[in-house]
Amino acid sequence: MRPATPPSPSLPPRLCVGVLSGTSVDAADAALCRVEGTGAGVALQLLAHVSHPFSPDLVARVLGPQDARSLCALNFELGERFAEAVLAVIARAGVKPGDVHVVGSHGQTMAHLPSDLSPIASTLQIGEADVIAERTGLPVVSDFRTRDMAVGGQGAPLVPYLDWAVFRNRERPDATRAFLNLGGIANVSVVGEHVDDTLAFDTGPANMVLDGLARRVTQGQLGCDRDGSLSSRGQVIPGLLEELLAHPFLARPPPRSAGREGFGEALVDRLWKAAPERPHDLMATARAFTVEATARAFETWVHPRFPRLEAVYASGGGTRNPVLMADLRARLAPVPLERLDVLGFPEEAKEAALFALLAAEHRAGTPANVRPATGAMRRVVLGKLTP
């Protein structure tokens, strides 16, 4: 096999769009970014961001039981929704579709089964890339997890590459920063000067259990613990919290990745049946579960290796829950907990920007998996190209 041509760190600026729906399954988020260079020299500038909420019916069908026919239909339907978001963010930025270099679509994760959860490691993201390519007229890079899994990795988390490439402290190479993403699942990246020194892993649930309970408590009127209004009305159930903290995932050393298989509807069902007459107490317990699982992950895996963190910078939907953030801030002290916005980047656009960057790196031929984060045997170029 002929060796690949080494990528040039001086690649000219390219306009790239990233699009996804996260583990919270609430919207199609898209970001248009200007990406210049590649690898350690890459620079990314956010130009525009949009979030197109999913209808309650679509959310219910994504989260509901699947057979081959429903999964097949959802794949194409989500492709249409992602294409709409891509065109909307291009329009918001005031550029033409033909000016865009590539679209990176993470899609919607339907199953993620790394080797520690299944005898056959596998993952499935849907949102048909061919549909996005046809509707936008642009090349699409998708399926970013699978190549990493093919070389022995967990295929997740992917965000550490963005955290290192874009947000490391370039003025102080000896400084280390932690980036905590509070989506459906919580994950942390600790980055310094070199990508192979990165520590990154899923800490456990962030909003996934809270969201599932919120839908039940409000009979579908709310899909999240908005402003902490539901969980703050209850009291933690100590015995139930300890039972949750005994979840086997939380004892696994990194690299590790989680999903709905461990913290989705099956766990929400179990909690609801444990105390259906105490809905707000269940919400308070779920919030405490997120806080304690996150804090214990820092104490066990992060602080022993990085005792002098500059700060923890948070992003994701959980940052808009002030009660959750206050609890986390108190529990992570004395390390400061800040929103990513203080670094000049809007936290709500971070994940979509990640897939703009990964698509740009795919086209540049630059490996973008972070081996210490996923456990992969080697670094590889991520994604599949739909011309």
Within a 6.0 Å radius of atom CD on Gln235, are there more than 12 heavy atoms belonging to other residues, nucleotides or ligands? no

Check whether any side-chain N or O of Thr290 sits under 3.5 Å from a backbone N or O of Ala206 as a donor-acceptor pair, and report yes or no. yes

Between the main-chain N or O of Ala121 and the side-chain N or O of Ser115, is there a donor-acceptor pair closer than 3.5 Å? no

How many angstroms lie between atom CG of Leu230 and atom CG of Leu282, to the nearest 0.5 angstrom? 11.5 Å

Tell me whether His112 contacts the main-chain N or O of Gly259 through its side chain, where contact means a donor paired with an acceptor under 3.5 Å. no

Taken to the nearest 0.5 Å, the spacing of Leu11 CG from Glu36 CD works out to 9.0 Å

Sequence neighbours excluded - salt bridge (charged side-chain N to carboxylate O under 4.0 Å, His left out) pairs with any residue from residues 306-316: Arg177-Glu310

Trace of the salt bridge (Lys or Arg N to Asp or Glu O under 4.0 Å) decision for Asp281 with Arg233: CA-CA 8 Å; Asp281 291 348; Arg233 292 168 60 183; over 6 Å; no

Closest heavy-atom pair, Ala349 versus Leu46, reported as atoms and distance to 0.1 Å, is CB-CD2, 3.7 Å

Under a 4.0 Å threshold between the charged nitrogen and the carboxylate oxygen, would Arg252 count as salt-bridged to Asp202? no

Can you tell me how far apart CG (Leu210) and CZ (Phe289) are? Round to the nearest 0.5 Å. 10.5 Å

Assess, by modelled atom type and distance only, whether the side chains of Ser105 and Ser142 contain a donor and an acceptor separated by less than 3.5 Å. no

Let's go through Lys350 and Glu347 carefully: what are the C-alpha distance in whole Å and the side-chain angles of both, what is the deciding distance for salt bridge (Lys or Arg N to Asp or Glu O under 4.0 Å) to 0.1 Å, and is it a yes or a no? CA-CA 5 Å; Lys350 180 183 177 183; Glu347 59 83 17; over 6 Å; no

SB check Asp327 Arg287 (cutoff 4.0 Å): yes

Using the six-membered ring wherever Trp is involved, compare the ring planes of Phe167 and Phe345 and label them parallel, tilted or perpendicular (cut-offs 30° and 60°). perpendicular

Under the 3.5 angstrom rule, does the side chain of His49 hit a backbone N or O of Glu348 as a donor-acceptor pair? yes

Output yes when a side-chain donor or acceptor of Arg379 lies under 3.5 Å from a complementary backbone atom of Pro367, and no otherwise. yes

May I ask you to say whether Asp269 pairs ionically with Lys273, meaning some side-chain N is under 4.0 Å from a carboxylate O? no

Is it true that Phe263 and His247 have ring centroids separated by less than 6.0 Å? yes

Any side-chain to backbone donor/acceptor pair from Asn207 onto Leu182? Under 3.5 Å, distance only. yes

Under 3.5 Å, is there a donor-acceptor pair between the side chain of Gln66 and the main chain of Gly64? yes

Short N-O contact, Arg331 and Glu292, less than 4.0 angstrom: yes

Shortest non-hydrogen contact from Thr386 toward Ala129: OG1-CB, 3.6 Å

Glu171 atom CD: more than 12 heavy-atom contacts under 6.0 Å: no

Going by an N to O cut-off under 4.0 Å, is there a salt bridge joining Asp341 and Arg339? yes

Quick test of your reading of the model: are Arg329 and Glu338 salt-bridged, counting only N-O distances below 4.0 Å? no

For the residue pair Asp67 / Ser70, report whether a side-chain donor-acceptor contact shorter than 3.5 Å exists. yes

Taking the inter-plane angle between the rings of Trp301 and Phe201 on a 0 to 90° scale, is it parallel (under 30°), tilted (30 to 60°) or perpendicular (over 60°)? perpendicular

Glu134 atom CD: more than 12 heavy-atom contacts under 6.0 Å: no

Please check if the side chain of Asn369 supplies one atom and the backbone of Arg378 the other of a donor-acceptor pair under 3.5 Å. yes

Hydrogens and angles aside, do Ser257 and Gln154 bring a side-chain donor and acceptor to less than 3.5 Å of each other? yes

Does the side chain to side chain contact (heavy atoms under 4.5 Å, CB included) test come out yes or no for Leu113 and Thr123, once each step is laid out? CA-CA 6 Å; Leu113 301 169; Thr123 189; over 6 Å; no

With a 3.5 Å distance limit and no angle check, can you tell me whether Ser55 reaches the backbone of Leu58 through a side-chain donor-acceptor pair? yes

What distance do Leu358 atom CG and Thr366 atom OG1 have between them, rounded to the nearest 0.5 Å? 11.0 Å

Between Asp227 and Asn321 the two heavy atoms that sit nearest each other are C-OD1, 3.9 Å

Do the ring planes of Tyr161 and Trp164 sit parallel (below 30°), tilted (30 to 60°) or perpendicular (above 60°)? tilted

I'd like to know if Arg270 pairs up with Glu243 as an ion pair, taking the criterion as any Lys NZ or Arg NE/NH1/NH2 lying under 4.0 Å from an Asp or Glu carboxylate oxygen. yes

Salt bridge (Lys or Arg N to Asp or Glu O under 4.0 Å) between Glu80 and Arg135, intermediate numbers included: CA-CA 8 Å; Glu80 299 285 359; Arg135 301 296 178 264; 2.8 Å; yes

Nearest-0.5 Å distance, CD1 of residue Ile90 to CG of residue Leu15: 9.0 Å

Residues Leu63, Arg260; criterion side chain to side chain contact (heavy atoms under 4.5 Å, CB included); working and verdict: CA-CA 9 Å; Leu63 294 177; Arg260 292 209 303 268; 3.9 Å; yes

Is any side-chain N of the basic residue among Arg81 and Glu84 closer than 4.0 Å to the acidic one's carboxylate O? yes

Under the 3.5 angstrom rule, does the side chain of Arg145 hit a backbone N or O of Leu124 as a donor-acceptor pair? no

Atom of His362, atom of Gly383 and distance for their closest heavy-atom approach: CE1-O, 3.2 Å

